[in-house]
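Quick notes on the structure that follows.
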Amino acid sequence: MDVFKNSVILLFILFSASCANPEKGNRTVDLKNEIDQYLTKTMELHNIPGLALAVVEDGEIVYENYFGKASLEDDSAVDKNTLFRIFSATKLITSTGVFQLIQNGELSLNDTISKHLDHLPVHWKNVKIKHLLTHSSGLPDIVRYESSLSDEALMEQLSKDKMDFATGHQFRYNQTNYWLLAQIIENITGKPFDEYVITNQFAGDTNGVLFSSNSQETIPNRATRYYYNGQTEAFEKDNHNSGTRGHSGNGLNITLNKFMEWNTHLDNNILLDKATKSMMWSPFDFTNQKDQFLHGWNNYSVNTLDSYGFSGGNLAAFRKFVKNDVTIVLLSNGYEIPAFDIIINDIARIAIPELSSKRLVFEEDVMRFVAQGQFDKAKQSFQKLKEENPNADFENVKWNINGIGNAHTAQNELIKAFQVFKFNAEANPNWWVSLTALAEIYEMQKDTPNAIKNYQRAIVLNENNEGNYNEWMEDKINELNVN
């Protein structure tokens, strides 16, 4: 009788397990179908060669899939073994390494960098670890100089430069910051930066992860990074090489599975404890009281939900919606029009139950309508998107719409380009870039009065003279007035 009773109990347990949470199983299937459909359309619109994407919820992988080609030349498909360069998203790994040293008491956010590095210029004396992490150092950027320079020669050149701004005042993305962080890590640990990261964040396992900032290097299973040439309408291989100096800022190559494994260790407090993660994800107090950035991570808001992460090369993006226990990882190898943050934001709208139930507007909807020339629908979608996200500036959508206009211009489709630039300027009347683009297309169409008017408006809006574009636009106005 006991044997029969135990058998019945065992059958009941097995049956219960097989039927556990059928709604979750159905949701996973529905989620996969919806994301697959979304990515298929998006890859076509943005002309993305290859892509891998994963969604992790409550510690479980609820979506994982691979699309397109890792190499167009070899016709090899993206799969679980494909290594992607994540470019500046590498800085998430570097900042985590810094906070591991902070957690171990070997480093402090308030340490001056001169405590750990010798022979620094006197005018760098106020720069601290926290300033490097938050891009608030004001140091001159190494990208101004040839990558072929030795470290010593490069430091000599940088030492002669003035500070770009007062340390701590503002955010300005800068590769020097993370080059110095790598040197500090090496001086403290006595290990090469790469070895320190692989040992402390990947348990010494190099399967599916390595450092290389050299696009010309032949690495088995690595996806080729492509640039799209608008003139030839074809993809070309990236040949950039920033050497080992670039490893801490842009050098990580990783598979999707390995990145998800790293995320699991971060979630489970293996890499950092809760208190240290909280410190890493705390906002930095910029003295201009305007800029916003965490310590090595950015804070992105999607429909009022905060997420922490970073993007790299317009190709890779990593986002953690901590309160929702959802992480989204996107890896890709090229594009005609960049889409990385747009994709991540829309995947969040699909995958996070709090958002998906609201049937929100996708950023990709706006892009698709613009690409199809359906500007009335684009206007309605963009307006609704802004209403749903009152605190967002949609920088990526604006730039990507501009990219569609540029693509038309490259193909000498000036009427289509004009329509796109005009839409972008009307949808974003306070964005100087859209007005500059509109001015340029007016200039191409020999409409001098409207070209001058929009250049003038753009100058007023570009009050910080970003990229020193105001001087260029003033020269344009003078040329147009002469002619």
Side-chain angles (χ1 to χ4, degrees), residues 87-103 107-117 120-145 154-155 157-185 187-188 193 245-250 272 276-301 306-312 318 341 391 393 395 462-468:
F87 294 90
S88 287
T90 301
K91 292 179 175 67
L92 299 178
I93 306 296
T94 302
S95 64
T96 299
V98 169
F99 276 92
Q100 286 180 322
L101 294 177
I102 291 173
Q103 181 173 280
L107 190 63
S108 166
L109 285 178
N110 287 312
D111 281 354
T112 58
I113 61 175
S114 59
K115 179 179 178 179
H116 303 282
L117 296 174
L120 293 177
V122 174
H123 52 290
W124 292 19
K125 64 180 181 179
N126 293 326
V127 178
K128 299 180 179 180
I129 299 299
K130 62 183 179 182
H131 299 129
L132 300 183
L133 285 166
T134 59
H135 298 286
S136 63
S137 67
L139 295 173
D141 198 339
I142 60 176
V143 298
R144 300 173 185 172
Y145 297 100
L154 178 59
M155 183 59 78
Q157 292 291 334
L158 292 171
S159 299
K160 297 175 183 176
D161 289 339
K162 295 179 180 179
M163 300 291 281
D164 287 348
F165 53 84
T167 299
H169 177 68
Q170 67 188 71
F171 175 94
R172 184 177 294 177
Y173 193 58
N174 185 325
Q175 301 299 336
T176 305
N177 297 318
Y178 279 71
W179 176 47
L180 295 179
L181 284 173
Q183 293 177 54
I184 291 168
I185 287 172
N187 286 347
I188 291 175
F193 171 79
R245 193 156 56 222
H247 283 190
S248 58
N250 64 30
L272 297 170
T276 307
K277 283 192 292 187
S278 179
M279 186 192 310
M280 183 170 66
W281 291 334
S282 64
F284 179 74
D285 186 18
F286 294 93
T287 57
N288 69 2
Q289 298 183 341
K290 180 177 67 174
D291 292 340
Q292 296 181 359
F293 198 69
L294 313 179
H295 290 79
W297 297 59
N298 203 358
N299 187 357
Y300 305 83
S301 178
D306 285 336
S307 65
Y308 307 144
F310 210 59
S311 305
F318 180 92
D341 276 336
N391 298 321
D393 61 11
E395 194 80 1
N462 187 22
E463 56 185 14
N464 294 324
N465 194 18
E466 292 180 37
N468 295 319

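One-based numbering along the sequence shown. No hydrogens, no waters, no symmetry mates; every other heavy atom, side chains included, goes into these values. These numbers were taken from a predicted model, which means no experiment stands behind them.
For the pair Thr176 (side chain) and Pro140 (backbone), a donor-acceptor distance under 3.5 Å is present. The backbone N or O of Leu180 sits nowhere less than 3.5 Å from a side-chain atom of Asn177 that would complete a donor-acceptor pair. Remark: the backbone N or O of Ser282 is paired with a side-chain donor or acceptor of His295 at under 3.5 angstrom. Not one N or O on the side chain of Thr112 forms a donor-acceptor pair closer than 3.5 Å with the backbone of Val127. Side-chain atoms of Thr94 come within 3.5 Å of backbone N or O of Ser248 as a donor-acceptor pair. Put simply, the side chain of Asn299 never gets that close to the backbone of Asp306: no donor and acceptor are under 3.5 Å apart. With hydrogens and angles disregarded, a donor-acceptor distance shorter than 3.5 Å links the side chain of His123 to the backbone of Asp161.
The side chain to side chain contact (heavy atoms under 4.5 Å, CB included) test applied to Leu92 returns Trp297, Phe310, Phe318, not counting sequence neighbours. The side chain to side chain contact (heavy atoms under 4.5 Å, CB included) test applied to Asp111 returns Leu107, Ser108, Lys115, His116, Ile129, not counting sequence neighbours. Checked against ring-ring contact (aromatic ring centres under 6.0 Å, His included), His135 has the following partners two or more places apart in sequence or in another chain: Phe171, Tyr173, Tyr178, Phe293. With sequence neighbours excluded, no residue forms a side chain to side chain contact (heavy atoms under 4.5 Å, CB included) with Ser278. Residues meeting the ring-ring contact (aromatic ring centres under 6.0 Å, His included) test with Trp179, sequence neighbours left out: none. Taking Phe286 as the reference, Phe284 meet the ring-ring contact (aromatic ring centres under 6.0 Å, His included) condition, with sequence neighbours excluded.
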| query | Which is it for Leu139 and Met163 under the side chain to side chain contact (heavy atoms under 4.5 Å, CB included) test, yes or no, and what are the steps along the way? | reply | CA-CA 5 Å; Leu139 295 173; Met163 300 291 281; 3.8 Å; yes
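Residues Ser301 and Asn391 have side chains that never bring a donor and an acceptor to within less than 3.5 angstrom of each other. A side-chain donor-acceptor contact under 3.5 Å links Lys91 and Gln175. A donor atom on one side chain and an acceptor atom on the other are found under 3.5 Å apart for His169 and Thr287.
A salt bridge links Asp164 with Arg144: at least one charged nitrogen is closer than 4.0 Å to a carboxylate oxygen.
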